[in-house]
Amino acid sequence: MAKVSINLATGSIQKEELIVGIDLGTTNSLVAFINPDKNPQVINDTGKGVLVPSVVHFGATGDITVGNEAKDYLITDPQNTVFSVKRLLGRSYKDIENYKDFFSYKVIDDDSESLVKIKVGDKFYTPIELSGLILKELKVRAEHALKTPVNRAVITVPAYFNDSQRQATRDAGKLAGLDVLRIVNEPTAASLAYGIGLNPDETKTIAVYDLGGGTFDVSILQIQNGIFEVLSTNGNTFLGGDDFDRVIVDYWIEKNRLNKSEVLADNKLAQKLRLKAEEAKKAFAHQSMVNDKIGDIWCTITRDTFEELILPKVEETITCCKNALKDAKLDIAQIDEVIMVGGSTRTTLVKKMVAEFFGRPVHDELNPDEVVALGAAIQADILAGNRKDILLLDVTPLSLGIETMGGLMDVIIPRNSKVPTKAGRQYTTSKDGQVNMKIAVYQGERDLIKENRKLAEFDLKGIPSMPAGFPKVDINFLLNADGILKIQAVELRSGVKQEVEVKPTYGITDDQVEQMLMDSITHAKDDVSQRMLIEARTEGEQMIYTVERFIQKNGSFLSVEEVAETDEYLKTLKAALAGGDKDLIHKAIDAINEFTRPFAERLMDQAISVAMKGKSVE
Ligand code: ADP
Ligand code: MG
C-alpha cells in the first residue's frame, strides 16, 4: 500500500509518519509507539500516567473531561459520567437489555434493533462518539508527549468482537481524527508484544488469558506463516478485577457489622471502600496483609482470606479455559505458550492457577495492562513497512462494500485486509412486498457512496413478497489471491441467488488510490457526522412508517385525543427530519416512543382478553 498521510495542522503531505498502537479498553485505554531505538514503548504524557481510565464526563457548561479526572465524577455526578462504553459499541438495545441496570447513565431503550444511544442532559450520544472522545484524548496525549502530529493508528478489539463492533471502532477512530490502518485482535497484539508470530517460519498454538477490570476472555490462536487464526474464544463479559474489589468490600462490611444496603446507598462511602479495596488487592502482590481505616471502619484483610474469597471467580475463568480448548478441539499439551493480559492477572492466585491448569509457566514478563498496546505499536510498525524482516502480505488498498439506505457505504471487506479473504453480512428489505433488491458494489473509504468508486450493480430478483424486514438476504464478498472479487447474494427463505465478478484494481492507478485515501482522511470527521445524520433520518422515517401503520390498523383502540396527539408528535418528527440536527431527530423519536409505548401494551392486554373470550383478533 502506498504510504501517504496528511499533517492536519499544516495541510502538508507527509511521507513518513509515526503510526501509534492503541488499546481501547473497557476500563483503561492507552497508546504506544515504536521509539527511535526501535522498541515498543507506552506513552506517558507528563505526569498523567500511562493508563487513561475509559471514562467521559460532561460538565454543565458543555466541558468534556476524559480519564482520571472524569473518573472522580463517578461519585459526584454519576448521571453525567459515562464508563464502560466499550460494552455498548456496535450494540443494539436488544443486545444489552439484560444488563441495563449496570449503567448509571441513561441508555435509550426505544426497543429498536438499531444501535444504542446514550442520553446525557438533553443531548444524545452514540457509543461511537463517546469512544471517539477517548481516542481523541489519547491522540492529544501522544502528540503532546511526542511533539509531533499523530494521525494514523492501529486499534485493538477483543477477538470476539463482531463486524458491527469492529466497524464502530473504526468510526470512533475517524471521529477522533485518526486514520485507522487496521483493527487488530487483542490476543494477536499481545502475542506480537512477546515476539510470538514474528517469524513467518514458525507454527505455534497459544492461549491468551485476559482478565481486565470488568471482563474476562481467553482465546486460543494458531499462528502459521505469519497469519493469526482465532481457533476459539470463551469468557464472561461480567467478570473481572471489579469483582475482586467487591468481595473485599463485602468482607469489610461483614467484619464491621455494617448494613450492606445502607453502605452501598451512600455513594461516596461505597466508592471510598471500593478504592481502598482496590489498593489492598494491588498491595497483595508484595505483602500478605493490609491494615487500614476509613473513619471508624476497619479495613483489614489478609492475602489468604482474599484468595479464599476470590477462588470461585478464578475457578470460573479456568472453566472457560477448558471450554475454549474443547471448542478448539485441542488438548492442554498442544498449547505451546500461555500469555497473561489485563491488570487483574497481576493477582498471584490467578497466575498460579492458570499456570497449573496449562501445566507450564505463563508469560508475565511484560506489564499485563500494557502488553496489548505494545503489540499494537509493533503491528503499526509492520504496516508502516519499517520491519524489513517481516513480509507484508498482500492487502486490499481500498475498502469494498455495498450501498445501504440513504446512500451510505456499508464496508464488507475493510481496506488493508489480507488477500485472499471472504466476508459477508445479512440484509433485508425496507418496504412491504418488495420483490427486487438493488445491490450496488463500491470501493473506497468515504461514508457516502457518491464519493466512492462504483464497481458493479445488479438486481436480486424474485424475492417472494413479504412484509418489510422479513426476507433475509446474505451478501458475500470473496476476494481471491488474483484480486478478483466475487459478489454473491442469496435470499435465504426462497433460495433465489445472483452472482457477479469484478476486478477492483482494474482501471485505477496508484495515484488515484492515493488520492482517494487522502480525501478520506481530510473528510473523515464530516463523513462520520453525515453518516450519523443519515442514520438518524432513516430511523426517523422508519418510525413514521411504523406509527402511521399502527394508527391505521389499531386506531379504534385509541381515543380521538390520543390519535390527534400522536399526529402532533409525528409532525414534530417530520419537521426535525427536514432539518439537519440529529439530536433533534433523536429527541423526537424518543418522545414518540415514550408516548406510544402504553398503546402497544394496552393493545396486547385487549388482545389477550379478547382471545380468552374465544374470539379471534384482527
Ligand atoms: P481493561 O482491559 O478492562 O480496560 P485493565 O487491563 O486495565 O482493564 O485492568 C484493570 C483491572 O486491573 C482493574 O480491576 C485493576 O484493579 C486491576 N489491577 C491493576 N493492577 C493490579 C494489581 N497489581 N493487582 C491486581 N489487580 C490489578
Ligand atoms: Mg484490556
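If you read the sequence from its start, that first residue is 1, and numbering goes on from there. As the structure lists them, so they are numbered: ligands from 1, and atoms in each ligand from 1. Remember, it's a predicted structure, so these values are computed and weren't measured experimentally.
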Ring-ring centroid check F358 Y209, cutoff 6.0 Å | no

Check: F83 ring centroid to Y105 ring centroid under 6.0 Å =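 Yes: the rings meet the under 6.0 Å criterion.
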
Answer with yes or no whether the side chains of [Y] and [X] bring together a donor and an acceptor at under 3.5 Å.
X: T300; Y: N291; result: yes
X: N386; Y: K38; result: no
X: E445; Y: S399; result: yes

Kindly indicate whether the side chain of T317, heavy atoms from C-beta on, has any atom under 4.5 Å from the side chain of V218.
-> no

Identify the protein heavy atom lying closest to [atom], giving its residue, its atom name and the separation to 0.1 Å.
atom: atom 13 (C) of ligand 1; value: G213 CA, 3.9 Å
atom: atom 26 (N) of ligand 1; value: K281 CE, 3.4 Å
atom: atom 27 (C) of ligand 1; value: G343 O, 3.2 Å
atom: atom 19 (C) of ligand 1; value: K282 CE, 3.5 Å
atom: atom 15 (C) of ligand 1; value: E278 OE2, 3.3 Å
atom: atom 25 (C) of ligand 1; value: T347 OG1, 3.4 Å
atom: atom 7 (O) of ligand 1; value: N28 ND2, 2.8 Å
atom: atom 3 (O) of ligand 1; value: T27 OG1, 3.0 Å

Pick one: which of V290, I301, T305 meets side chain to side chain contact (heavy atoms under 4.5 Å, CB included) with I248?
->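 Exactly one pass, corresponding to I301.
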
Among D171, V82, L89, side chain to side chain contact (heavy atoms under 4.5 Å, CB included) partner for P127 | L89

Inter-residue atom distance L383.CG - R152.CZ, 0.5 Å rounding |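 Spacing of CG (L383) from CZ (R152) equals 9.0 Å.
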
Close-contact set for ligand 1 against [X] heavy atoms, below 4.0 Å:
X: G241; result: 14 (O)
X: G342; result: 6 (O)
X: G25; result: 4 (O)
X: R346; result: 20 (N), 22 (C), 23 (N), 24 (N)

Does NZ or CZ of R87 lie under 6.0 Å from the centre of the six-membered ring of F238, at an angle within 45° of the ring axis?
->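 Yes, cation above the ring, under 6.0 Å and within 45°.
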
Would you say A285 touches ligand 1, if touching means a heavy atom closer than 4.0 Å?
-> no

Is there a heavy atom of T26 sitting under 4.0 angstrom from any atom of ligand 1?
-> yes

Contact check: S344 vs ligand 1, nitrogen or oxygen atoms, below 3.5 angstrom =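 S344 vs ligand 1: N/O contact under 3.5 Å present.
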
